[in-house]
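Since the structure comes first, as structure tokens, the remarks are kept for the end.
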Amino acid sequence: MAEAKIMAEITNKLSSFDIRNRSPYPETKYGFKRAAVLLPLMLKNDELYLLLTKRSKNMRNHPSTVSFPGGMREENDLSDVDTALREAQEEIGLKPNTVQIVAVLTRGITLPNTIVYPVVGMIPNDFVPIPNPVEVDYTILVPLKTFLDSKCVRYSEFKFRGRSIVNRSVFHQDEVHGVEVVWGFTANYCTFLAKIILENEDFLAIFNDSTYPLQNMASDLVEYFDFITSTSAVNSKL
């Protein structure tokens, strides 16, 4: 019963951020590739965790980085949820019928020119990952609260087309693999999810020069997406 209650609370908190509730559903912009990732939440001993992967060092894109399971949409995928579930099964052996889908969050952007749909799902607390060595070296389980712990988060910045962008890095001490660093797209969406679920009312900063007050927690994510996917950004071959 406790798990069902927590699941209902999470679903309620994420409902206003779920793009499936929008009409029309936000589609991929012309000229960009389409991908989806699974944000796998796990409840263990009444604490929420995110299951992340350490990408293989042999991967062409983003080798040896900590990321969500996920990948490019394929022709037979009927939705972004289908893509995220298929990729999670291929990468870590997670059976799609064991995942309770909670929400699809606002779109993100990663290199090279790929629009990513973040799918949030609750996975069984007894799930044992089976990493596909072609894509994944191993998995790590990170407490959701870590992404809001000031002792674990470091910030820097980079400039792009006249804007100052926040570079967020989150450090996690893994019992098996030592210190792992979560950064970029993954760190932003882990933090975004943690803020919503753990009711941290501060907005998620992506720009150092954001206009205050922002409308809601997703405002900077949406602005960043529009900024990067603008025509001039495409022409610059980001």
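- Between Lys151 and Asp149 there is no salt bridge, since no side-chain nitrogen of the basic residue lies less than 4.0 Å from a carboxylate oxygen of the acidic one.
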>> Does Tyr138 form a side chain to side chain donor-acceptor pair (under 3.5 Å) with Glu180? I'd like the steps, not just the answer.
In response: CA-CA 12 Å; Tyr138 52 83; Glu180 297 286 356; 2.4 Å; yes

> Could you walk me through whether Thr139 and Thr53 pass the side chain to side chain donor-acceptor pair (under 3.5 Å) check?
Replying inline: CA-CA 4 Å; Thr139 62; Thr53 67; over 6 Å; no

>> Determine whether Met122 and Met42 satisfy the following criterion, side chain to side chain contact (heavy atoms under 4.5 Å, CB included), listing intermediate values before the conclusion.
In response: CA-CA 6 Å; Met122 184 70 73; Met42 179 184 289; 5.7 Å; no

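- Residues Ser164 and Glu157 bring a donor and an acceptor atom of their side chains to less than 3.5 Å of each other.
- Between the side chains of Asn188 and Tyr224, no donor-acceptor pair is found at a separation under 3.5 Å.
- Side-chain atoms of Thr98 never come within 3.5 Å of backbone atoms of Leu94 as a donor-acceptor pair (strictly under, hydrogens ignored).
- Under 4.0 Å is where a charged nitrogen must lie from a carboxylate oxygen, and between Glu90 and Arg86 at least one such pair does.
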> What do the steps show when you test Asp220 against Glu223 for side chain to side chain contact (heavy atoms under 4.5 Å, CB included), and what is the final call?
Replying inline: CA-CA 5 Å; Asp220 251 19; Glu223 183 181 350; 3.8 Å; yes

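- Taking the centre and axis of the six-membered ring of Phe227, the NZ or CZ atom of Arg161 falls inside the cone set by 45° and 6.0 Å.
- Applying the side chain to side chain contact (heavy atoms under 4.5 Å, CB included) test between Val120 and each of Ile101, Ile10, Leu14 identifies Leu14 as the sole match.
- Proximity of the aromatic rings of Phe192 and Phe17 is defined here by a centroid distance below 6.0 angstrom, and this criterion is met.
- Crowding of Asp126 atom CG: a count of heavy atoms from other residues, nucleotides or ligands under 6.0 Å exceeding 12.
- Under 4.0 Å is where a charged nitrogen must lie from a carboxylate oxygen, and between Arg73 and Glu87 no such pair does.
- Residue-environment remark: CG (Asn97) exceeds the threshold of 12 foreign heavy atoms within 6.0 Å.
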